[in-house]
Q: 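I have a structure here, written as structure tokens, and I will follow up with some questions on it.
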There are 2 protein chains.
Amino acid sequence: MATQTEEDYIKAIFKITERNQGAANTNAIAKYLNTSAASVTDMLKRLSDKDYFHYEKYKGVYLTSKGIQMATQLVRKHRLWEVFLAKKLDFSWEEVHDIAEQLEHIKSDTLIEKLDAFLGHPKYDPHGDPIPNAEGKFTLRNQFGLSTLSKGEKGIVVGVKEHDKDFLQYLNQLEIGLGTEVEVIDVVDFDHSIKLKINNQEATSLSYKVTKNIYIKKQA
Amino acid sequence: MATQTEEDYIKAIFKITERNQGAANTNAIAKYLNTSAASVTDMLKRLSDKDYFHYEKYKGVYLTSKGIQMATQLVRKHRLWEVFLAKKLDFSWEEVHDIAEQLEHIKSDTLIEKLDAFLGHPKYDPHGDPIPNAEGKFTLRNQFGLSTLSKGEKGIVVGVKEHDKDFLQYLNQLEIGLGTEVEVIDVVDFDHSIKLKINNQEATSLSYKVTKNIYIKKQA
DNA sequence: ACGGATTTTTAGACTAGCTTAAAAATTAAT
DNA sequence: ATTAATTTTTAAGCTAGTCTAAAAATCCGT
């Protein structure tokens with residue numbers, strides 16, 4: 001059975017290749033895992049006969065289907081635990097990640113299937129990210145960046161791109177969360193900032209950096 | 001922060017000293033943790049400056065108050081997770097231990113307090129063992145071995161001494177669980193076996209080895 | 001209180017995972 | 001196309017935790 005560290009490496013490679021399209025390079029993995037490039041090379045060499053990924057010296061690394069399956073199951077576990085923490089234990093969306101990072105390593109298939117059922121087979125986690133089902137399939141959604149809306153358009157917040165704690169807490173303060181109704185009152189061409197009605201309250205101004213990181217579903 | 005292995009050692013020492021009264025010896029710890037006596041000695045030496053226990057060569061080991069506190073918190077976490085698994089996820093009492101053994105190592109004080117509240121501050125785990133509160137206090141109970149009952153006496157099952165899977169599954173088969181009502185119909189002096197009515201069904205015969213391991217609360 | 005059995009410790013060695021420093025390979029710029 | 005910058009790998013060594021085999025200490029029966 002894979003160790004916690006092995007799981008961390010596989011998940012890191014998965015996240016990096018998913019984001020960058022193409023092989024994950026040593027430095028990126030080191031940065032993601034807060035370790036040194038030398039450690040990564042070392043680990044890749046030691047793990048490369050376990051069939052989780054293809055590794056070629058100086059060429060980076062990409063997952064095999066076995067590796068992808070393992071990473072997907074980790075993501076599934078992580079996100080289901082996040083739902084549990086948020087929905088059942090009342091944690092806020094910026095608090096769930098760190099604890100789920102630990103919980104995702106608990107070994108028991110039965111546990112995760114029972115947890116899934118207990119939570120009512122949720123399709124999305126507290127940040128709006130899709131939860132793969134037991135077969136590894138993600139349920140995709142027709143979503144847009146809030147920054148792409150034009151003056152007068154309405155939407156419902158369905159997710160966030162950035163998961164940084166400060167960002168999420170800022171959204172809390174603005175009373176923006178999943179399900180929040182927003183309406184674009186004005187768009188400032190100069191800096192792409194937006195004047196926004198949040199749940200029909202008086203309008204607030206949001207920077208481009210913020211609106212780019214909020215996903216919405218368009219509303220008639 | 002203590003590693004998982006450190007936590008395992010502390011808990012082992014706690015369990016052994018609790019059971020045996022007096023210092024825990026090397027062999028007992030080795031057996032409990034499925035490792036070698038040499039590894040235990042080694043670990044005790046390496047951990048002995050962390051103030052969790054007193055260790056004297058050839059004399060065994062006993063916990064300091066710091067060590068006891070840590071062990072108690074581990075027991076609290078373990079048993080709360082067991083309640084979660086049994087009550088919320090519908091695991092049977094013989095299945096919860098192994099998973100809780102992993103879950104007890106998750107690091108987050110908030111998590112455990114929220115879990116406790118979510119479960120309604122339970123006082124006992126699925127085997128009837130008391131759950132220490134946040135301050136480490138156990139709620140004791142006036143209980144007796146089923147083997148101590150005389151002919152005609154009634155009781156309610158409140159716990160088990162033995163946690164072995166086969167034993168617990170045998171009890172499942174007999175339809176004996178926490179809360180089950182039992183009535184002693186007859187006691188056989190020769191082998192101390194007992195004829196028992198379970199939830200007022202027709203009587204079954206239970207060996208001394210079994211009745212010794214069932215705790216009951218006496219019933220008028 | 002002696003000898004044998006048992007328990008515990010020491011010694012030496014192994015693996016997983018990590019580190020820093022230096023060497024080698026690749027990439028990018030003129 | 002050569003040099004310079006960057007990235008990656010190698011080398012050597014560290015810690016936590018494990019093991020086996022052998023030595024030392026303790027315990028126990030007579």
Side-chain angles (χ1 to χ4, degrees), chain A residues 1-13 15-17 19-63 67 70-71 74 101-102 104-105 107, chain B residues 1-13 15-17 19-63 67 70-71 74 101-102 104-105 107:
Chain A
M1 204 172 281
T3 67
Q4 188 153 327
T5 311
E6 276 175 35
E7 292 188 338
D8 287 339
Y9 271 86
I10 304 303
K11 203 175 130 192
I13 296 165
K15 293 274 183 183
I16 293 163
T17 50
R19 150 166 23 108
N20 294 355
Q21 311 286 27
N25 57 3
T26 306
N27 263 0
I29 299 171
K31 198 171 175 188
Y32 190 97
L33 293 175
N34 264 305
T35 185
S36 70
S39 301
V40 173
T41 302
D42 196 67
M43 182 64 71
L44 294 180
K45 276 199 318 207
R46 279 190 287 121
L47 291 193
S48 57
D49 50 347
K50 293 207 180 173
D51 225 38
Y52 293 127
F53 50 73
H54 292 288
Y55 167 56
E56 222 181 316
K57 268 189 179 188
Y58 296 102
K59 294 279 174 64
V61 66
Y62 61 93
L63 296 179
M70 176 168 167
L74 284 168
E101 204 68 10
Q102 300 180 62
E104 73 187 14
H105 295 294
K107 259 103 180 160
Chain B
M1 204 169 282
T3 67
Q4 187 154 326
T5 311
E6 276 175 35
E7 293 187 338
D8 287 338
Y9 271 87
I10 303 304
K11 203 176 130 194
I13 296 166
K15 293 275 184 182
I16 292 164
T17 51
R19 154 173 10 117
N20 294 356
Q21 310 286 27
N25 58 3
T26 307
N27 263 358
I29 299 171
K31 197 170 174 189
Y32 190 97
L33 294 175
N34 264 304
T35 185
S36 69
S39 300
V40 173
T41 301
D42 198 69
M43 182 64 73
L44 294 179
K45 277 198 318 206
R46 279 189 287 120
L47 291 193
S48 57
D49 51 348
K50 294 208 179 172
D51 227 38
Y52 294 127
F53 51 72
H54 293 289
Y55 166 57
E56 223 182 316
K57 267 190 183 188
Y58 297 101
K59 292 281 173 62
V61 67
Y62 60 92
L63 296 179
M70 176 169 167
L74 284 168
E101 203 69 8
Q102 300 179 60
E104 73 186 13
H105 296 294
K107 259 103 179 160

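In the text below, chain A, chain B and the rest are named by the order of the sequence lines, each starting its count at 1. All values below come from the heavy atoms of this structure, side chains included, with hydrogens, waters and symmetry mates left out. The shown structure was predicted, so the numbers you read here are calculated from the model rather than taken from an experiment.
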Q: So, taking the atom named CD in B:Glu7 and the one named CD in B:Glu104, what distance separates them when rounded to the nearest 0.5 Å?
A: 7.5 Å

Q: With a non-hydrogen cut-off below 4.0 angstrom, is B:Thr26 in contact with a base, only sugar-phosphate, or nothing?
A: sugar-phosphate

Q: Nearest 0.5 Å, what's the CD-CD distance between B:Gln4 and B:Glu101?
A: 9.0 Å

Q: Counting only non-hydrogen atoms, which of residues 4-13 of chain A are less than 4.0 Å from DNA chain C?
A: A:Thr5, A:Tyr9

Q: If you compare all heavy atoms of A:Ala23 against all heavy atoms of A:Thr17, which two are closest, and at what distance to 0.1 Å?
A: C-CG2, 4.2 Å

Q: Can you give me the closest heavy-atom contact between A:Ser39 and A:Tyr9, atom names plus distance?
A: O-OH, 3.8 Å

Q: Measuring from atom OH of B:Tyr58 to atom OG1 of B:Thr41, what distance do you get when rounded to the nearest 0.5 angstrom?
A: 8.5 Å

Q: OH of B:Tyr62 to CD of B:Glu56: how many Å apart, nearest 0.5 Å?
A: 8.0 Å

Q: Can you tell which of B:Asp8, B:Leu44, B:Leu33 makes a side-chain contact (heavy atoms from CB on, under 4.5 Å) with B:Ile13?
A: B:Leu44

Q: Between which nucleotides of DNA chain C, 5' to 3', does chain A make heavy-atom contacts below 4.0 Å?
A: C:dA16 to C:dT26

Q: Tell me the bend of the helix from C:dA1-D:dT30 to C:dT30-D:dA1 as the angle between end helix axes, each from five pairs, rounded to the nearest 10 degrees.
A: 10°

Q: Distance from A:Glu6 atom CD to A:Met1 atom CE, nearest 0.5 Å?
A: 11.5 Å

Q: Apply ring pair (Phe, Tyr, Trp, His ring centres under 6.0 Å) to A:Tyr32 and list each qualifying residue two or more places apart in sequence or on a separate chain.
A: none

Q: Between B:Thr26, B:Ile16, B:Asn25, B:Ile29, which is the residue that forms a side-chain contact (heavy atoms from CB on, under 4.5 Å) with B:Val61?
A: B:Ile29

Q: Go through the steps for A:His105 and B:His105 under the test side chain to side chain contact (heavy atoms under 4.5 Å, CB included), then give the verdict.
A: CA-CA 11 Å; A:His105 295 294; B:His105 296 294; over 6 Å; no

Q: Between residues 40-56 of chain B and DNA chain C, which residues have a heavy-atom gap below 4.0 Å?
A: B:Thr41, B:Lys45, B:Tyr55

Q: Can you tell me if the side-chain N/O atoms of A:Lys57 get under 4.0 Å from OP1 or OP2 in D:dT7?
A: no

Q: Taking only side-chain nitrogens and oxygens of B:Ser36, does any of them come within less than 4.0 Å of OP1 or OP2 of D:dT20?
A: no

Q: Not counting sequence neighbours, which residues clear salt bridge (charged side-chain N to carboxylate O under 4.0 Å, His left out) with B:Lys31? List them please.
A: none

Q: Map A:Tyr58 and A:Thr3 onto DNA chain C by nearest heavy atom, then report which one ends up closer to the 5' terminus.
A: A:Thr3

Q: Do you know the tightest heavy-atom contact between A:Met43 and A:Thr5?
A: CE-CG2, 3.9 Å

